[in-house]
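These notes concern the structure reproduced below.
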Amino acid sequence: MYQTVKGTYDILSEDYRKFEMVNTLFKHFLDLYGYEIMKTPVFEYTGVFSKENDTSDMVTKEMYTFSMNGKDSLTLRPEGTAGIIRSFVQNKMYSKELPVKLAYIEEMFRHERPQKGRQRQFTQLGVENIGDKNPMIDAEVIALGYFFVKTLGLKSIKVCINTLGDATSRLKYKEALKTYFDEYRDQLCYDCQNRLDKNPLRILDCKIDHDLECVKNAPKMHDYLTEESAAYFKKVLEYLDALEIPYTIDNNLVRGLDYYTDTVFEVVSTHEVSGSQSTIFGGGRYDNLVKEMGGPEISGIGFAIGEERLIILAEAEGVFDEYKPYVDAYVIDMTKGSAYALKIANDLRMNSYTTEINYYDRSMKSQFKSSDRKGARFVVIIGEDEMNKNTVMLKDTRTREQYEVNSDELVDKLDLLMEGEDE
Ligand code: HAM
């Protein structure tokens, strides 16, 4: 018997419903903030994701890369931003009115060690705001994500924010980190010893070394910011204050991807169910990605939410508890499968009433129980008698009233009874 591949999972129908609920709310938020969904291919040329001298774990260790017939190197997308920017440049979206505000709900693939909340195939809900560098946009992007998860019903979340500064700030900071960590080289893990030479920023978010005293006491970015970058960050924080979004400044937040510049942020769960995979979503600004992809010098900012992680937390916080099954009508068929009963059910469906019908030779009592389990608003009872008279017995499960109705008047009767109901 085949099983799913390690790190991949089926989304069973009862869980799919939760994904749909989350997606519906996310799409509503995209409308509120003016973002449009687009799709990019599941695989791209490897160069879309990986740049020379890349130091992120995602690019150096976790990509599913393959080539067909020894030709081009292709990669299953490990994240959404690079593909969106590739498309932005390829389709010359920069000639539209800026900023261009794009969103995606897509599967991503990373060869990580699987555990709860960390999968090899997972779903991201993401947005990218491409075109302008303006602290108001940074705050607005964070607001979209923050108020979305708040509205979903999450309580135990925290916004962490930092700045990586502009190129000048980062250069000075990296030099300072290099000089500092050189003294502690022996204490660092094998990967961080390499990072020290290539990109010492990466040491700050190393999963192995992050508890070391020398990492905690490392020089802070804030002391190396140019005046311009410091003022930009201050402005972002001012906007967050105005939007009443609580945040913590985390000096060691550098994020796991190499393309970030200036503002970076994460929303983390403080609930025990999230364990070590507590980052619900993360994002930041990228000044150079569009240019590196062959486009003009245009900045962007975005985030991506890990939908599976979000759902684990939402379940623990009871977000889905209110869900009750519901259908407009349940057809109780005592005619042992007559075409008459099937036609009545189909007519209801064609008039936009969600309808279930009993398929089995069962007692009226057991069919009533089934209609309860399905959450039927109305029950349509059809026996031999009704069939001969071309009628049905309609029962309103809320008022408990019963009506004998001609089959061709059933829809009108339901329209009347349901007037003003929004389910
Ligand atoms: P990221 O931090 O690599 O950023 O991923 C974003 C979110 O995806 C994480 O916070 C986490 O919730 C989820 N995630 C990542 N890896 C896994 C995994 N193996 N299993 C389950 N969930 C996972 C990005 O991908 C950037 N593209 C975000 C961004 C958009 N930055 C700017 N624009």
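All values below were derived from every heavy atom in this structure, side-chain atoms included, with hydrogens, water molecules and symmetry-related copies excluded. We count ligands from 1, going down the list as the structure has it; atoms in each ligand are counted the same way.
Asp223 pairs by the side-chain hydrogen bond (donor to acceptor under 3.5 Å, both in side chains) definition with nothing, not counting sequence neighbours. For Asn351, the side-chain hydrogen bond (donor to acceptor under 3.5 Å, both in side chains) test picks out no residue, with sequence neighbours left out.
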N/O donor-acceptor pairs under 3.5 Å from side chains in residues 87-94, not counting sequence neighbours:
from, atom 1, to, atom 2, distance (Å)
Ser87, OG, Asn91, ND2, 3.0
Gln90, OE1, Arg86, NH1, 2.8
Asn91, ND2, Ser87, O, 3.0

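Aromatic ring centres of Phe303 and Phe281: separated by under 6.0 Å. Aromatic rings of Phe148 and Phe26 (six-membered ring for Trp) have centroids within the 6.0 Å cut-off, being under it. Aromatic ring centres of Tyr184 and Tyr180: separated by under 6.0 Å.
Contact shell of ligand 1 (protein heavy atoms, cutoff 4.0 Å): Glu79, Thr81, Tyr104, Arg110, Glu112, Gly117, Arg118, Gln119, Phe122, Gln124, Glu128, Arg255, Leu257, Tyr259, Tyr260, Thr279, Ile280, Phe281, Gly282, Gly283, Gly284, Tyr286, Gly302, Phe303, Ala304, Gly306, Arg309.
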